[in-house]
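Here is the structure we will look at, set down as structure tokens.
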Amino acid sequence: MKILVCISNVPDTTTKIKFAEGNTSIDTTGIQWVINPWDELSLTRALELKDDATSGVKSVTVVHVGTASSEPTIRKALAIGADDAIRVNAESSDAWFVAAQIAEVAKKEQFDIIICGIESSDFNGSAVGGMISEFLGIPSVSAVSSLKIENGQPVMTREIDGGKEVVNVQAPFVAIVQKGIAKEPRIAAMRGIMMARTKPVKLMEPLAIEPLTQIIEFEKPTPRAACKYIDADNPAQLIDLLQNEAKVI
Amino acid sequence: MSVLVYTENWEGKFKKLSFELVSYASGVAKMLNTTVTAVSIGKVEDNELKRLGNCGANKIINIINDQLITLDNQAYASVISDISKKENATVIIISNNNTGKAIAPRLSVRLKAGVGSGVSRLPLNINPFTVYKRTYSGNAFAHLVIKSDVKILTLAQNSFDLIETANNASIENLNVSVDGSLVKTSVKDVQKQSGKILLTDADIVVSGGRGMKSPDNWPPLVELATLLGAATACSRPVSDEGWRPHEEHTGQTGKIIAPNLYIAVGISGATQHLAGISSSKFIVAINSDKDAPIFQAAQYGIVGDAMKIIPKLVSAVKEIRK
């Protein structure tokens, strides 16, 4: 079995977001770029499956749509343990564009399981995984918190409102994963970092696809009013404020 | 032309988000000078269907089909895309929850429709069609132009108020044929907690963090939640430690919620936690550390020992509920 893990390159999640060019883009000065947290967990789970000889997983490839500037992110994925990488050499303009590129890669290379994080922490689009599956005409299972392979059969758990479901599906399929898929992201060891330097990164030129969406402006969230402090000796006052001022209870 | 909205139900009733979706769709339809068609898949009570009309649906398409009992993303997307073509929908509105995130992108490819995900306001403009959406996990909002003929919007939960006025919508019971070859997933086991308030649906959420010190300290917090009709939640360290079930974890990698009231007890308010709760209408912080960042996000705060404060809040709520 071959696994493809889709990775996105995002600002470190503690970054203070600033805008540039008249609020039409993000000021990238000083931003530390990391693998999208959910994609890092996806990669970790894929590698855990590969480590387990009974799973039948033979290789883990990562794919990324981005320019040469995201090369460090790809190397990091290789250092963590991916066997090889594919970079589609293009600016990732929107989910439609990215998904179409990755679907094309998947058509050429034939994977059994494609894993995507449920969203990226930058555009919060939650769309790429589902779009890839529809471009390929294969099943997708979303909000997956556990992915196992039992006797050659993929078994997933997905989160639903108020509970969870165990879902069976035949490969090939797209798993769109969330928290729980792996406990902690795997960290690159020194040996991995050394090995990553010589692992293959295949460069592919993008298909000519028109994005369907475009961000024209960013704005900051509306600032909240300053906190009103209530004396710790008189918490009943809080209940009064919630009832009569905020009117939420 | 029409605005199509996909509603969701749970145990025979519509989820609150369904009424929000229809109210929102009705607002979009007014901007476009058109009508709203709501789609419901699965068995729901008749008076519930009527309520969709009160929220602004002109027409309700009600589908009951054995092949659509569990969510198969591919089959659902196929059914909704067929209806959307038949209804000549130019805007499709779906929730930005797990189900919506599963269906919307597949629908997007079927209809070549751009997706605006996590919108929390009515479109800013209809020409070009511009929506207001959450980005950078709530640290920024974007004005997103959708250029395709058909647009798909996924609405952030609890971001749009219900608008209900008596209205008679037409209800069409539709038999759809589902292409069996599209149903490639099967559900083997379901674990559902019945009768519990859904965290993502709750108006009030009471949440505990590491400052609660031990899982043994939770009963007063749960009692407060029960009295307020609230759902319980927790921060990531708490679910990682196994003090509370991981379904309760709210934050960037956990559940993203937007209740009217979020009470954070013993939660310091790391960026990742705030990413999951920052859209709450009111945030209350109770923490012994006066410098905890949660106070920056809160409208009401109490600096002090949660173990002493919570029981007093419980008594105060009992007092007003008398």
Side-chain angles (χ1 to χ4, degrees), chain A residues 13-14 17 37-38 95-96 99 118 121-131 133-135 139-143 159-170 176 179-180 212-221 224-225 227-230 232 235-236 238-239 241-243 246 248-249, chain B residues 10 73-74 77 98 101-102 105-106 108-110 114-115 117-118 134-148 184-193 196 198 200 228 246 252-254 260-261 271-272 282 284 295 297-304 309 312-313 316-317 320:
Chain A
T13 50
T14 55
I17 299 298
W38 292 273
W96 172 266
I118 194 157
S121 61
D122 51 2
F123 293 109
N124 305 118
S126 306
V128 170
M131 285 180 177
S133 63
E134 191 65 38
F135 275 123
S140 59
V141 180
S142 195
E159 303 292 313
I160 56 167
D161 279 333
K164 44 186 89 182
E165 288 177 341
V166 177
V167 181
N168 285 15
V169 63
Q170 297 287 330
I176 300 153
K179 180 187 152 71
L212 298 183
T213 61
Q214 188 193 356
I215 291 179
I216 52 165
E217 193 182 328
F218 284 103
E219 60 179 82
K220 282 271 165 203
R224 288 176 182 271
C227 184
K228 194 180 262 187
Y229 288 93
I230 292 121
L238 173 68
I239 299 303
L241 288 167
L242 293 176
Q243 190 181 26
V248 283
I249 62 170
Chain B
W10 201 60
N73 302 347
Q74 213 168 353
N98 283 347
K101 288 174 185 174
R106 299 203 71 126
S108 156
V109 173
R110 283 188 167 256
V115 182
S117 47
R134 179 177 182 270
T135 55
Y136 294 91
S137 304
N139 289 310
F141 287 82
H143 299 189
L144 181 83
V145 172
I146 307 178
K147 301 170 185 171
S148 47
K184 291 177 192 140
T185 59
S186 56
V187 172
K188 292 297 164 205
D189 187 25
V190 186
Q191 300 160 16
K192 257 191 193 177
Q193 309 155 299
K196 232 185 134 180
L198 295 176
T200 47
L228 291 171
H246 89 86
Q252 182 162 45
T253 52
N260 291 334
L261 174 61
T271 319
Q272 290 87 341
F282 285 92
V284 169
F295 288 113
Q299 285 84 55
Y300 299 109
I302 305 182
V303 180
I309 294 166
K312 288 184 186 163
L313 290 177
V317 175
I320 63 160

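Within every chain, numbering begins at 1; the chains are lettered A, B, ... in the order of the sequence lines, protein sequences first and strands thereafter. The shown structure was predicted, so the numbers you read here are calculated from the model rather than taken from an experiment.
- In this structure, the portion of A:Q170 lying under 4.5 Å from any heavy atom of chain B is its backbone and not its side chain.
- Partners of A:D122 according to the side chain to side chain donor-acceptor pair (under 3.5 Å) rule, which considers only residues two or more places apart in sequence or in another chain, are A:S120.
- Residue B:L198 touches chain A through its side chain alone, counting heavy-atom pairs closer than 4.5 Å.
- For the set B:G304, B:G254, B:A140, the entry with the most heavy-atom pairs within less than 4.5 Å of chain A is B:A140.
- Most heavy-atom pairs under 4.5 Å with chain B, from the set A:V128, A:I160, A:L242: that is A:L242.
- At a 4.5 Å heavy-atom cutoff, the contact between A:A246 and chain B is made by backbone and side-chain atoms alike.
- Per-residue heavy-atom pair counts under 4.5 Å with chain B were compared for A:A99, A:G130, A:G125, and the maximum is reached by A:G130.
- Per-residue heavy-atom pair counts under 4.5 Å with chain A were compared for B:P105, B:G118, B:S137, and the maximum is reached by B:P105.
- By the 4.5 Å heavy-atom criterion applied to side chains, A:F123 and B:S117 are not counted as neighbours.
- For A:L241, the parts sitting under 4.5 Å from any heavy atom of chain B are the backbone and the side chain alike.
- At a threshold of 4.5 Å between non-hydrogen side-chain atoms, the residues B:K147 and A:T213 do not count as touching.
- Contact tally against chain A (heavy-atom pairs below 4.5 Å) for B:T253, B:T271, B:I146: the top residue is B:T253.
- For A:L238, the part sitting under 4.5 Å from any heavy atom of chain B is the side chain, from C-beta outward, and nothing else.
- Among the candidates A:A232, A:P37, A:A236, A:G180, the residue making the largest number of heavy-atom pairs closer than 4.5 Å to chain B is A:A232.
- The structure places OG of A:S126 at 6.0 Å from CD1 of A:I118, a figure rounded to the nearest 0.5 Å.
- Ring geometry for B:F295 versus A:Y229: interplanar angle of 30 to 60°, hence tilted.
- In this structure, A:E219 and B:H143 have side chains that are in contact, with non-hydrogen atoms separated by less than 4.5 Å.
- Residues B:V317 and B:L228 form a side-chain contact, since some pair of their non-hydrogen atoms from C-beta on lies under 4.5 Å apart.
- The ring-ring contact (aromatic ring centres under 6.0 Å, His included) check on A:W96 picks up A:F135, with sequence neighbours excluded.
- Of the listed residues (A:E159, A:E165, A:K179), the one with the most heavy-atom contacts under 4.5 Å to chain B is A:K179.
- At a 4.5 Å heavy-atom cutoff, the contact between B:Q252 and chain A is made by backbone and side-chain atoms alike.
- In terms of non-hydrogen atom pairs under 4.5 Å with chain A, the most contact-rich of B:L261, B:V115, B:N260 is B:L261.
- Heavy-atom pairs under 4.5 Å with chain A peak, among B:R106, B:K184, B:Q74, at B:R106.
- Using modelled atom types and a 3.5 Å distance limit, the side chains of B:T135 and A:N124 yield no donor-acceptor pair.
- Of the listed residues A:G129, A:P235, A:A95, A:A143, the one with more heavy-atom pairs under 4.5 angstrom with chain B than any other is A:P235.
- No side-chain heavy atom of B:Y136 sits under 4.5 Å from any side-chain heavy atom of B:F141.
- For chain A, the nearby parts of B:S108 are the backbone and the side chain; heavy atoms of each come within less than 4.5 Å.
- Considering only heavy-atom pairs separated by less than 4.5 Å from chain B, the leading option among A:V169, A:T14, A:I216, A:V141 is A:I216.
- The side-chain heavy atoms of A:I176 and A:S140, taken from C-beta on, include a pair separated by under 4.5 Å.
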